[in-house]
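These numbers were taken from a predicted model, which means no experiment stands behind them.
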Amino acid sequence: QVQLVESGGGLVQAGGSLRLSCAASGLIFSSYGMGWFRQAPGKEREFVTAIRWIAANTYYADSVKGRFTISRDNAKNTVYLQMNSLKPEDTAVYYCAADRWMNSGSYYYAGEYDYWGQGTQVTVSS
């Protein structure tokens, strides 16, 4: 059974930082592209960032480029999201997801992902 478990969310002031982790089990982690999405109240789930199994291939939404960094540790079956210079508009539930067939044309599309975590709340106060 595949499980993705996010952690590291919380309450932070604007300008602060948080590091999210997503621990995966039940799959061959190194074969999957991993993504982070977020969903704010009353809004649709949106793409944040993704990393292919080759860690050199990373993708970012324009809204987080230069502030967020995705990384992965295949030995620990974990993907990370370092979030710096947080803004109130970053407030959302953050989800990690796994995509067996991630490519440069699909990483931003939630429907392409095979497995999802339960989400972790990030709240940025102004």
Side-chain angles (χ1 to χ4, degrees):
Q1 181 180 356
V2 175
Q3 282 193 312
L4 302 178
V5 180
E6 301 97 336
S7 61
L11 173 64
V12 64
Q13 288 189 332
S17 298
L18 281 176
R19 188 195 197 203
L20 306 184
S21 300
C22 173
S25 61
L27 51 72
I28 302 174
F29 182 73
S30 59
S31 297
Y32 281 75
M34 299 298 296
W36 288 95
F37 288 75
R38 67 186 181 187
Q39 188 166 18
K43 295 188 177 182
E44 293 187 354
R45 190 170 298 191
E46 66 173 358
F47 168 77
V48 177
T49 180
I51 185 168
R52 295 181 67 182
W53 68 273
I54 301 173
N57 295 108
T58 57
Y59 310 97
Y60 295 92
D62 288 343
S63 59
V64 306
K65 204 171 292 184
R67 300 187 298 121
F68 290 11
T69 303
I70 189 171
S71 61
R72 66 188 298 159
D73 185 338
N74 288 341
K76 295 183 178 180
N77 286 4
T78 301
V79 62
Y80 304 99
L81 178 60
Q82 178 66 45
M83 305 186 294
N84 298 329
S85 302
L86 282 160
K87 304 175 181 179
E89 51 263 44
D90 294 318
T91 294
V93 177
Y94 282 71
Y95 299 89
C96 75
D99 178 2
R100 180 65 180 87
W101 304 108
M102 181 182 290
N103 58 63
S104 60
S106 69
Y107 61 86
Y108 54 87
Y109 180 46
E112 287 290 326
Y113 287 75
D114 303 295
Y115 304 105
W116 290 82
Q118 82 289 348
T120 186
Q121 176 71 46
V122 172
T123 303
V124 184
S125 63
S126 56

> Are any of the side-chain heavy atoms of Ser106 and Asp99 separated by less than 4.5 Å?
Replying inline: yes

> Under the salt bridge (charged side-chain N to carboxylate O under 4.0 Å, His left out) rule, what pairs show up with a residue in residues 18-28, not counting sequence neighbours?
Replying inline: none

> Linking Ile, Leu, Val, Met, Phe, Trp and Tyr through side-chain heavy atoms less than 4.5 Å apart, which residues share a cluster with Val5?
Replying inline: none

> When hydrophobic residues are tied together by side-chain contacts of less than 4.5 Å, even through go-betweens, does Met102 share a cluster with Tyr60?
Replying inline: no

> Side chains of Thr91 and Glu89: do they bring a donor and an acceptor to under 3.5 Å?
Replying inline: no

>> As a quick check of understanding, evaluate side chain to side chain contact (heavy atoms under 4.5 Å, CB included) for Val93 and Arg45, giving each step before the final call.
In response: CA-CA 9 Å; Val93 177; Arg45 190 170 298 191; over 6 Å; no

>> Can you give me the closest heavy-atom contact between Thr78 and Ser21, atom names plus distance?
In response: CG2-CB, 4.3 Å

>> Looking at Lys65 and Asp62, is any side-chain nitrogen of the basic one under 4.0 Å from a carboxylate oxygen of the acidic one?
In response: yes

>> Using modelled atom types and a 3.5 Å cut-off, is there a donor and acceptor pairing between side-chain atoms of Glu6 and backbone atoms of Gly119?
In response: yes

>> Hydrophobic clustering (ILVMFWY, side-chain heavy atoms < 4.5 Å, transitive) - are Met83 and Val124 grouped together?
In response: yes

> Would a 4.5 Å heavy-atom cut-off, applied to side chains only, mark Gln13 and Leu86 as touching?
Replying inline: no

> Hey, is the main chain of Ser31 close enough, under 3.5 Å, to the side chain of Arg100 for a donor-acceptor pair?
Replying inline: yes

>> So Val122 and Leu20, do their side chains get closer than 4.5 Å, heavy atoms only?
In response: yes

> Is the count of non-hydrogen atoms from other residues, nucleotides or ligands lying under 6.0 Å from Ile28 atom CD1 greater than 12?
Replying inline: no

>> Show the nearest heavy-atom pair for residues Ala92 and Ala40, with the distance to one decimal.
In response: CB-N, 3.8 Å

> Shared ILVMFWY cluster between Val2 and Trp36, side chains joined below 4.5 angstrom?
Replying inline: yes

> For the residue pair Tyr32 and Tyr115, does the interplanar ring angle fall in the parallel (under 30°), tilted (30 to 60°) or perpendicular (over 60°) class?
Replying inline: tilted

>> Quick check: is Phe47 connected to Tyr94 through a chain of hydrophobic side chains (ILVMFWY, heavy atoms under 4.5 Å apart)?
In response: no

>> Do Tyr113 and Val79 sit in one hydrophobic cluster, given that two such residues count as connected whenever their side-chain heavy atoms are within less than 4.5 Å of each other, even indirectly?
In response: no

> Is a donor on one side and an acceptor on the other found under 3.5 Å between the side chain of Thr49 and the backbone of Tyr59?
Replying inline: yes

>> Suppose we screen for side chain to side chain contact (heavy atoms under 4.5 Å, CB included). Which residues come up paired with Asn74, at least two apart in sequence or across chains?
In response: Phe29, Ser30, Arg72

> Phe37 and Tyr95: aromatic ring centres closer than 6.0 Å?
Replying inline: no

>> Please give me the minimum heavy-atom distance between Met34 and Ile70, naming the atom from each residue.
In response: O-CD1, 3.9 Å

>> Give me the atom names and distance for the closest heavy-atom approach of Leu4 to Ala97.
In response: CD1-CA, 3.8 Å

>> Taking the side chain as everything from C-beta on, heavy atoms only, tell me whether Thr69 gets closer than 4.5 Å to Leu81.
In response: no

>> Within 45 degrees of the ring normal and closer than 6.0 Å to the centroid, is that where the cationic atom of Arg52 sits relative to Tyr107?
In response: no

